[in-house]
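I have placed the structure first, in the form of structure tokens, so that the comments after it can refer back to it.
Just so it is clear: chains get the letters A, B, ... in the order the sequence lines come, proteins before strands, and each one is counted from 1.
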Protein chains: 2
Amino acid sequence: MVSTPVPDPKMLDCPALVTIQLVSGKWKTRVLWHLRQGGAGFGDLRRAMPGISAKVLTEHLDALVADGLLARTESLEGKVLHTRYRFSDYGFTLIPVLDALGSWGLNHAERAAGHRFP
Amino acid sequence: MVSTPVPDPKMLDCPALVTIQLVSGKWKTRVLWHLRQGGAGFGDLRRAMPGISAKVLTEHLDALVADGLLARTESLEGKVLHTRYRFSDYGFTLIPVLDALGSWGLNHAERAAGHRFP
DNA sequence: GCAAGGAGTTACCCGATGGTGAGTACCCCG
DNA sequence: CGGGGTACTCACCATCGGGTAACTCCTTGC
């Protein structure tokens with residue numbers, strides 16, 4: 001599992017690492033980014049992120065749910081199982097942080113696109 | 001190399017990932033965290049972070065310098081080479097983001113320490 | 001001469017992360 | 001009945017980040 005039930009003490013001298021552990025992984029931020037616009041099903045997420053495999057998506061979702069950032073809701077529409085993933089209340093508190101990462105990253109991308117470190 | 005010269009286009013649909021790439025790695029945040037309190041030499045950093053090997057520290061520092069977050073200054077004190085690592089001006093702009101990660105992480109650590117997801 | 005400290009480099013190994021392809025189970029549609 | 005959709009699981013691989021240990025090069029001090 002990729003989750004971090006209880007952050008190991010070594011991290012506490014660097015609390016930023018705790019957050020990074022929860023969010024790092026090739027697709028985790030992308031999943032979170034996509035779910036910002038509202039909940040989605042497993043298949044929605046697959047389609048939204050071409051390249052991810054079912055296995056890895058499952059792993060990442062499980063980790064995010066286990067860490068309390070996402071909530072999973074299963075429902076039967078007709079008789080077909082539908083699973084919906086969305087931010088939990090706790091997960092919402094992470095959004096400002098993700099936004100900070102996002103806007104800095106966007107700025108960095110622009111900067112790096114042109115010239116190297118002017 | 002662990003650096004991300006020009007962020008690959010796939011990341012741009014998730015700018016947060018750009019930032020995370022720069023900062024993820026077992027020791028990168030710890031290096032940055034330590035350097036927040038002022039510049040330090042190679043040996044200072046090794047001593048400050050028991051467990052890191054010279055190789056990995058070199059790799060991480062190289063990556064952080066290549067990404068423009070840190071600046072390396074070499075000086076000869078007497079005839080001995082001293083290398084000093086510190087935040088670059090650009091690196092400073094990342095500090096608020098690291099603080100956001102840090103305070104959220106600290107909060108998460110407290111939350112996880114007691115009960116699981118109350 | 002030899003240890004010790006500063007600043008790395010090199011070769012090699014290991015385990016976690018992620019990718020592939022197939023298979024499962026259930027249901028709906030034509 | 002076949003094809004397609006939802007939601008996964010399983011077995012197997014490949015890559016890569018990180019760890020280990022040894023080795024370089026240079027200078028200062030006993």
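The residue G25(A) sits close only to the backbone: its heavy atoms come under 4.0 Å of sugar-phosphate atoms, none of a base.
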Polar atom pairs between nucleotides 22-24 of chain C and protein, under 3.5 Å, N or O only, would you list them?
none

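When every heavy atom of V31(A) is checked against every heavy atom of M49(A), the shortest pair comes out as CG2-CE, 3.7 Å. Minimum interatomic distance between T29(B) and L17(A) (heavy atoms only, all atoms of both residues): OG1-CD1, 3.4 Å.
Contact annotation: R47(B) does not reach the phosphate of dG5(C) (side-chain N/O to OP1 or OP2, under 4.0 Å). Listed pair H60(A) / dT17(C) fails the phosphate criterion, with no side-chain N or O lying under 4.0 Å from OP1 or OP2.
The residue among E74(B) and G78(A) whose nearest nucleotide of DNA chain C is located toward the 5' end is E74(B).
The nearest whole Å value for the distance from the CZ atom in R72(B) to the C1' atom in dG6(C) is 14 Å. Atom pair L45(B):CG and dG6(C):P shows a separation of 12 Å (rounding to whole Å applied). Computed from coordinates, the L61(B) CG to dG17(D) C1' distance equals 16 Å when rounded to whole Å. For the pair R30(B) CZ and dG17(D) P, the interatomic distance rounds to 17 Å; values are reported in whole Å. Following rounding to the nearest Å, Q21(A) (CD) and dG18(D) (P) show an atom-to-atom distance of 10 Å. In this structure, the CZ atom of F42(A) is 18 Å from the C1' atom of dC27(C), given to the nearest Å. One atom, CD1 of I52(A), and another, P of dG21(C), lie 16 Å apart when rounded to the nearest Å. The CD atom of E77(A) sits 15 Å away from the P atom of dC27(C) (whole-angstrom rounding).
Applying the side chain to side chain donor-acceptor pair (under 3.5 Å) test to S103(A) and every residue at least two apart in sequence or in another chain returns nothing. For W33(A), the side chain to side chain donor-acceptor pair (under 3.5 Å) test picks out no residue, with sequence neighbours left out. With sequence neighbours excluded, the residues satisfying side chain to side chain donor-acceptor pair (under 3.5 Å) with R47(A) are D44(A).
Within the 3.5 Å criterion, the main-chain N or O of V56(B) finds a donor-acceptor partner in the side chain of H60(B). Panel note: side chain S88(B), backbone L69(B); a donor-acceptor pair is recorded below 3.5 Å. Here the side chain of R84(B) pairs a donor or acceptor atom with the backbone of G39(B) at under 3.5 angstrom.
You'll find that the side chain of T58(A) is closest to dT9(D), out of dT9(D), dG18(D), dG8(C).
Of all the residues in residues 79-86 of chain A, L81(A), H82(A), T83(A), Y85(A) reach under 4.0 Å from DNA chain D with at least one non-hydrogen atom.
Pairs passing the ring-ring contact (aromatic ring centres under 6.0 Å, His included) check and including a residue from residues 64-88 of chain B, sequence neighbours excluded, read F87(B)-F92(B).
Contact annotation: side chain of K55(A) to base of dG19(C), donor-acceptor pair present below 3.5 Å.
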